[in-house]
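Working notes, structure below.
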Amino acid sequence: MSLINIHKVFKTYGSGHAATHALRGIDLSIEAGEFVALSGSSGSGKTTLLNLAAGFDFADSGSVVFLERELSSLTEKQRALFRRKHVGFVFQMLNLLPTMTALENIQIPMALNSFSRLDQKARGLGLLEIAGLSDRANSFPKELSGGEQQRVAALRAVAHSPDLILLDEPTSCLDTENAKVLLELLSNLNKEVGVTLIISTHDERIANLAQRRVILRDGKVAGDVSE
């Protein structure tokens with residue numbers, strides 16, 4: 001059984017001459033534990049597909065079934081609760097809370113999912129150690145480098161053990177060394193924790209590291225290659 005199944009999905013923004021056809025009949029299934037890179041030029045539909053997979057947006061037609069639940073059939077409250085438990089998302093802007101330390105930022109999704117304070121701290125510190133950031137646990141975002149902030153954002157996304165992690169261009173603002181560290185972290189999380197990753201990216205390093213590469217072009221799947 002697929003973790004997520006996207007079937008004949010169409011999505012258009014605007015209307016008439018101003019219409020943008022973001023997705024044009026996408027069919028895609030993702031299995032639990034996969035590391036999938038979505039690649040393609042700007043405007044190919046990568047971010048739209050991530051938003052649909054997370055239930056942030058809905059298709060005009062077709063279906064998105066995640067853990068055997070059709071996301072469009074859920075109420076707004078049900079979708080929020082579903083995302084909170086099952087999805088981790090790393091945004092391009094990171095959205096780390098500036099008044100909270102690295103450890104406290106990582107603990108947020110665990111607190112929302114009723115982890116005990118003891119478990120929150122223990123798991124948060126363990127994840128920071130995996131990422132080589134043990135000495136930055138009590139640092140605020142402004143005290144972290146861009147690469148460190150990106151790693152903290154990735155740890156926050158995985159902290160509550162969701163079924164799916166979605167990342168939108170995670171290396172776009174990183175230099176080569178920091179991008180390499182982040183890629184190693186993501187690969188380790190996929191292999192050691194078993195988390196399913198779907199990453200929208202222009203970065204060939206991610207595309208080559210992923211187990212599977214789905215190429216989008218003009219809102220359609222133009223290629224689907226597994227290692």
Revision key, fill the gap. Rounded to the nearest 0.5 Å, the CG atom of Leu50 sits from the CZ atom of Phe56 at a distance of 10.0 Å

Revision key, fill the gap. Test side-chain contact (heavy atoms from CB on, under 4.5 Å), reference Phe115, set His160, Gln107, Lys121, output is His160

Practice item. With sequence neighbours left out, write down each residue that passes side chain to side chain donor-acceptor pair (under 3.5 Å) with Thr196, or none if nothing qualifies. Key: none

Exercise for review: Taking all non-hydrogen atoms of both residues into account, name the closest pair between Ala59 and Leu52 and its distance.
Suggested key: N-CD2, 3.5 Å

**Study point:** Partners passing salt bridge (charged side-chain N to carboxylate O under 4.0 Å, His left out) against Glu104 (at least two apart in sequence or in another chain)
**Key:** none

Practice item. Step through the shown structure and confirm whether more than 12 heavy atoms of other residues, nucleotides or ligands are within 6.0 Å of CG on Asp218. Key: no

Point to revise | Within residues 34-58 or reaching into it, pairs that qualify as salt bridge (Lys or Arg N to Asp or Glu O under 4.0 Å) - sequence neighbours excluded | key: Lys11-Asp57, Glu34-Arg212

Revision key, fill the gap. For Ser61, the side chain to side chain donor-acceptor pair (under 3.5 Å) test, sequence neighbours excluded, returns none

**Study point:** Pairwise distance CD(Glu143) to CG(Asn138) - rounded to 0.5 angstrom
**Key:** 9.5 Å

Revision key, fill the gap. In terms of heavy-atom contacts, Met100 and Pro141 come closest through O-CD, 3.1 Å

Practice item. Any chance you could measure Glu169, atom CD, to Leu38, atom CG, to the nearest 0.5 Å? Key: 10.0 Å

Point to revise | Nearest-0.5 Å distance that lies between atom CG in Leu3 and atom CD in Glu68 | key: 10.5 Å

Point to revise | Pairing residues for Ala137 by the side chain to side chain contact (heavy atoms under 4.5 Å, CB included) criterion, not counting sequence neighbours | key: Leu103, Leu125, Leu128

Practice item. Check step by step if side-chain contact (heavy atoms from CB on, under 4.5 Å) holds for Ser42 and His202. Key: CA-CA 9 Å; Ser42 296; His202 288 96; 3.6 Å; yes

Exercise for review: Would you check if the side chain of Thr201 reaches a backbone N or O of Asp203 as a donor-acceptor pair within less than 3.5 Å?
Suggested key: yes

Study note, to complete from the structure: Contacts of Ser39 meeting side chain to side chain donor-acceptor pair (under 3.5 Å) (sequence neighbours excluded), chain-then-number -> Arg213

Revision key, fill the gap. Closest heavy-atom pair, Ala157 versus Ile165, reported as atoms and distance to 0.1 Å, is O-CD1, 3.1 Å

Review point. Would you find a donor on one side and an acceptor on the other, under 3.5 Å apart, between the side chain of Arg123 and the backbone of Ala159?
Key: yes

Review point. If you measure from CG on Leu133 to CD on Gln149, what distance do you get to the nearest 0.5 Å?
Key: 11.0 Å

Exercise for review: Take Leu28 and Leu49 through the side-chain contact (heavy atoms from CB on, under 4.5 Å) test and state the conclusion after the steps.
Suggested key: CA-CA 10 Å; Leu28 187 65; Leu49 191 57; 4.0 Å; yes

Study note, to complete from the structure: By salt bridge (charged side-chain N to carboxylate O under 4.0 Å, His left out), Asp168 pairs with (sequence neighbours left out) none

Practice item. Work out which heavy atom in Glu148 is nearest to a heavy atom in Leu144; give both atom names and the distance. Key: OE1-CA, 3.4 Å

Study note, to complete from the structure: On a heavy-atom basis, the closest approach of Phe66 and Leu71 is CB-CD2, 4.1 Å

Check your understanding: Once you round to the nearest 0.5 Å, how far does CG of Asn105 lie from CZ of Phe140?
Key -> 10.0 Å

Review point. Any link between Ile215 and Val221 through a network of hydrophobic side chains (Ile, Leu, Val, Met, Phe, Trp, Tyr) touching at under 4.5 Å?
Key: no

Check your understanding: Got a donor-acceptor contact below 3.5 angstrom from the Gln150 side chain to the Pro170 backbone?
Key -> yes

Would you give me the side-chain donor-acceptor pairs under 3.5 Å for residues 79-91, sequence neighbours excluded?
unit_1	atom_1	unit_2	atom_2	d
Arg79	NH1	Leu74	O	3.1
Arg83	NH1	Gly55	O	3.0
Arg84	NE	Leu112	O	3.3
His86	ND1	Asp163	OD2	2.7

Review point. Who pairs with Thr20 by side chain to side chain donor-acceptor pair (under 3.5 Å), at least two apart in sequence or on another chain?
Key: none

Practice item. Provide the full list of ring pair (Phe, Tyr, Trp, His ring centres under 6.0 Å) pairs with a residue in residues 11-46, sequence neighbours left out, each pair given once. Key: none

**Study point:** Non-neighbouring partners of Ser134 that pass side chain to side chain contact (heavy atoms under 4.5 Å, CB included), sequence neighbours left out
**Key:** Glu129

Study note, to complete from the structure: Note: Ala22 and Thr48 closest approach over all heavy atoms is CB-OG1, 3.7 Å

Check your understanding: Are Ile130 and Leu167 connected in a single hydrophobic cluster, I mean Ile/Leu/Val/Met/Phe/Trp/Tyr linked by side-chain heavy atoms less than 4.5 Å apart?
Key -> yes

Exercise for review: Say whether, by atom type as modelled, one donor and one acceptor occur between the side chain of Arg217 and the main chain of Ala222 under 3.5 angstrom.
Suggested key: no

Review point. Are Ile108 and Met110 grouped together when hydrophobic residues (ILVMFWY) are joined by side-chain heavy atoms under 4.5 angstrom apart?
Key: no

Pairs under 3.5 angstrom only: tabulate donor-acceptor contacts from the side chains of residues 180-187 to other protein residues two or more places apart or in another chain.
none

**Study point:** Non-hydrogen side-chain atoms of Asp27 and Lys8 separated by less than 4.5 Å
**Key:** yes

**Study point:** Backbone of Gly33 reached by a side-chain donor or acceptor of Asn190 within 3.5 Å
**Key:** yes

